[in-house]
Amino acid sequence: MNEQEREAREFKHIRENDPGFVAPRRPARRHRDASFWLWIGVGFAIILLLIWLTVAMFTGDTDVNLITPFPWA
């Protein structure tokens, strides 16, 4: 028995005792994709990344100064 059938049975029992009972209606849920502000944030992050990489290319600072715990590596 699914949830809707169980609710319908409960409401029927309540209506027998209270004829003026009106069952609550739930608004239908909308399934939304990613929100507008999420897309704005992603776009802003991509633009900042491109600016950062462009400045690094022009200044020649594209190497990462890797500090390893093993001096022979």
Side-chain angles (χ1 to χ4, degrees):
M1 178 179 305
N2 64 18
E3 184 179 343
Q4 290 176 341
E5 291 174 352
R6 185 179 55 80
E7 276 187 356
R9 191 168 32 123
E10 288 176 7
F11 290 156
K12 182 179 178 185
H13 176 72
I14 293 171
R15 277 195 191 98
E16 289 172 356
N17 297 331
D18 182 10
F21 173 73
V22 177
R25 294 186 184 204
R26 294 187 195 139
R29 287 184 157 186
R30 285 189 323 160
H31 176 71
R32 293 185 346 186
D33 290 335
S35 72
F36 173 74
W37 290 110
L38 178 67
W39 287 110
I40 295 294
V42 168
F44 186 69
I46 290 172
I47 289 170
L48 285 178
L49 177 66
L50 291 175
I51 291 171
W52 175 46
L53 291 176
T54 303
V55 169
M57 289 292 287
F58 282 128
T59 60
D61 189 21
T62 57
D63 293 333
V64 175
N65 187 9
L66 179 64
I67 300 172
T68 61
F70 309 108
W72 60 86

| field | Partners meeting side chain to side chain contact (heavy atoms under 4.5 Å, CB included) with Glu10 (sequence neighbours left out) | value | Arg6

| Of all residues at least two apart in sequence or in a different chain, which pass the side chain to side chain contact (heavy atoms under 4.5 Å, CB included) check with Leu49? | Trp52, Leu53

| Taking the hydrophobic residues Ile, Leu, Val, Met, Phe, Trp and Tyr, and joining any pair whose side-chain heavy atoms are under 4.5 Å apart, which ones share a cluster with Trp37? | Phe36, Ile40

